[in-house]
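Letters A, B, ... are given to chains in the order of the sequence lines, protein chains preceding strands, and every chain is numbered from 1. No experiment lies behind these values; they were computed from the predicted model shown. Both backbone and side-chain heavy atoms feed into the values below; hydrogens, waters and symmetry mates do not.
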There are 2 protein chains.
Amino acid sequence: MTAIKESSTIQQNKQFALEQCPVTYVMEKIGGYWKPIILYHLSQGDKRYSELRRAIPAITEKMLIQHLKQLEVDDLVLRESKPVVPPFVTYRLTSSGRGLIPVIQAMADWAFREVRGEFADRIHASASEG
Amino acid sequence: MTAIKESSTIQQNKQFALEQCPVTYVMEKIGGYWKPIILYHLSQGDKRYSELRRAIPAITEKMLIQHLKQLEVDDLVLRESKPVVPPFVTYRLTSSGRGLIPVIQAMADWAFREVRGEFADRIHASASEG
DNA sequence: ACAAGTACTTACCCTAAAGTAGGTGCCTAT
DNA sequence: ATAGGCACCTACTTTAGGGTAAGTACTTGT
């Protein structure tokens with residue numbers, strides 16, 4: 001067991017931090033507003049850059065490319081470019097990225113349940129108004 | 001079906017936005033760095049203010065109370081204070097908040113899988129170094 | 001008398017994240 | 001000839017999220 005030498009303390013700290021709060025680790029990778037939204041769209045299938053742009057009209061190009069680059073260095077997203085003109089660039093989830101699909105899916109499920117709940121409340125309120 | 005009158009367009013927009021991207025709805029509620037971390041600790045059981053503080057040493061009091069208040073108005077967290085001195089305030093998840101447990105749990109699961117993966121990679125790399 | 005613990009609140013500051021608005025190079029369609 | 005689509009890049013500015021440090025009110029412990 002001589003593997004992991006000097007860096008073992010880092011690893012131990014990481015293990016420690018993880019036991020303290022695993023969610024912190026996740027936030028370091030996909031914290032912020034846009035990343036989970038981008039990941040959601042990629043979870044629906046591989047997308048070209050321009051497809052992502054159209055799928056998320058509210059995001060600026062700067063934010064989109066910036067987060068895509070970061071997701072790439074964090075090995076959550078893979079960028080594949082065909083050397084043609086006009087450019088043809090595809091983004092897809094890596095296997096780590098696909099590991100986040102349950103998270104994204106749980107988020108989507110919750111959102112639907114919440115809004116259905118509001119809907120039901122509203123009908124109920126209107127009904128009891130007379 | 002005359003329930004929902006003037007406000008129906010808002011509701012329709014919400015439904016539309018939700019179909020476009022349910023994750024956006026989630027981000028409006030729990031986006032940012034700290035909220036999921038707070039929710040994780042509350043998912044482990046009801047906590048007093050000071051317990052949360054100790055559980056999340058990296059957070060400042062300002063951030064903690066600020067996000068707790070916001071989670072309260074968003075009906076994800078319930079604040080219960082006993083009128084005693086010294087104060088005794090407990091925070092717990094509401095039913096909406098409990099609905100997020102699968103999200104938080106999926107995050108925690110992913111974090112553990114990721115770090116185990118890194119660990120395995122590291123051992124593998126060291127082994128093939130000689 | 002003083003520190004420490006409870007659960008906050010307030011004022012000030014700073015930085016990192018995000019928005020604005022341009023440009024690049026190359027091609028196709030009108 | 002000009003506009004538009006592709007996938008970006010860059011400089012500048014704004015905003016909001018977060019950090020620092022102090023104070024509040026009341027009680028218990030030493």
Side-chain angles (χ1 to χ4, degrees), chain A residues 17 21 23-42 45-74 76-93, chain B residues 17 21 23-42 45-74 76-93:
Chain A
C21 178
V23 173
T24 299
Y25 179 88
V26 179
M27 288 300 107
E28 303 283 351
K29 296 256 183 173
I30 61 159
Y33 184 81
W34 292 115
K35 280 181 189 163
I37 294 174
I38 294 170
L39 292 172
Y40 169 76
H41 288 284
L42 290 178
D46 304 354
K47 293 249 178 335
R48 294 181 65 173
Y49 175 79
S50 54
E51 288 179 303
L52 280 171
R53 246 178 35 205
R54 279 188 291 269
I56 319 172
I59 201 173
T60 63
E61 284 194 83
K62 187 193 159 195
M63 282 300 101
L64 180 55
I65 197 72
Q66 184 174 305
H67 285 123
L68 282 172
K69 298 288 174 200
Q70 190 56 50
L71 290 169
E72 207 190 338
V73 314
D74 286 340
L76 296 177
V77 156
L78 192 71
R79 176 185 181 275
E80 190 192 358
S81 82
K82 288 179 186 159
V84 295
V85 61
F88 195 101
V89 178
T90 308
Y91 290 92
R92 59 161 50 89
L93 297 178
Chain B
C21 178
V23 172
T24 298
Y25 180 88
V26 179
M27 287 301 108
E28 303 284 350
K29 296 257 182 173
I30 61 159
Y33 185 80
W34 292 114
K35 280 180 189 166
I37 293 174
I38 294 170
L39 291 172
Y40 169 75
H41 288 284
L42 291 178
D46 304 354
K47 294 248 177 333
R48 293 182 64 172
Y49 175 79
S50 54
E51 288 179 304
L52 281 172
R53 244 177 37 204
R54 279 189 292 268
I56 318 172
I59 201 173
T60 61
E61 283 194 83
K62 186 194 159 193
M63 281 300 101
L64 180 55
I65 197 73
Q66 184 174 304
H67 286 122
L68 282 171
K69 297 288 175 200
Q70 189 56 50
L71 290 169
E72 207 189 338
V73 315
D74 285 340
L76 296 176
V77 156
L78 192 71
R79 176 185 182 274
E80 190 193 359
S81 82
K82 287 179 186 157
V84 296
V85 61
F88 196 101
V89 177
T90 308
Y91 290 92
R92 58 162 52 89
L93 297 179

Report task. Starting from P on C:dC8, measure out to CZ on B:Phe88 and report it in whole angstrom. Result -> 12 Å

Query raised in the report: For A:Ile56 and C:dG19, what is the distance between atoms CD1 and P respectively, to the nearest whole Å?
Result: 12 Å

Query raised in the report: Where the side chain of B:Tyr91 is concerned, which of D:dT20, C:dC8, D:dT27 is the nearest nucleotide?
Result: C:dC8

Requested in this report: Measure the CG-CG distance between B:Leu71 and B:Leu42 for me, rounded to the nearest 0.5 Å.
Outcome: 8.0 Å

Query raised in the report: Rounded to the Å, how far apart are B:Glu28 CD and D:dG17 P?
Result: 11 Å

Requested in this report: Starting at atom OH of B:Tyr33, determine the distance to atom P of C:dA17, rounded to an integer number of angstrom.
Outcome: 12 Å

Report summary line: Among the nucleotides C:dT6, C:dC8, D:dG19, whichever has the atom closest to the side chain of B:Arg79 is C:dC8

Query - Nucleotide of C:dT6, C:dT20, D:dG18 approaching B:Trp34 most closely (side-chain heavy atoms) - result: D:dG18

Query - Proximal nucleotide (of D:dA11, D:dC6, D:dG18) relative to the B:Met63 side chain - result: D:dG18

Report task. May I ask you to evaluate whether A:Arg54 reaches the phosphate of D:dC6, defined as a side-chain N or O under 4.0 Å from OP1 or OP2? Result -> yes

Report task. Using whole Å, report how far CD of A:Glu51 lies from P of D:dC8. Result -> 13 Å

Query raised in the report: Taking for each residue the nucleotide of DNA chain D with the nearest heavy atom, is it B:Glu61 or B:His67 whose nucleotide lies nearer the 5' end?
Result: B:His67

Requested in this report: Report yes if at least one side-chain N or O of B:Thr60 is closer than 4.0 Å to OP1 or OP2 of D:dG18; otherwise report no.
Outcome: no

Query raised in the report: Taking only side-chain nitrogens and oxygens of B:Arg53, does any of them come within less than 4.0 Å of OP1 or OP2 of C:dT6?
Result: yes

Report task. For D:dA7, take OP1 and OP2 only and decide whether either is under 4.0 Å from a side-chain N or O of A:Arg48. Result -> yes

Report task. Using atom CD of B:Gln66 as one end and atom P of D:dG19 as the other, report the distance to the nearest whole Å. Result -> 10 Å

Requested in this report: Check every atom of D:dC12, D:dC6, D:dG18 against the side chain of A:Lys62 and return the nucleotide holding the closest atom.
Outcome: D:dC12

Report summary line: Result for 5'-nearest mapping on DNA chain C, choosing between A:Gly32 and A:Pro87, is A:Gly32

Report summary line: The residue, A:Lys69 or A:Pro86, whose nearest nucleotide of DNA chain D is more 5′ is A:Pro86

Requested in this report: Quickly work out the B:Leu52 CG to C:dC8 C1' distance and round it to whole Å.
Outcome: 14 Å

Report summary line: A:Val89 has its side chain closest, among C:dT9, D:dC9, D:dA7, to D:dA7

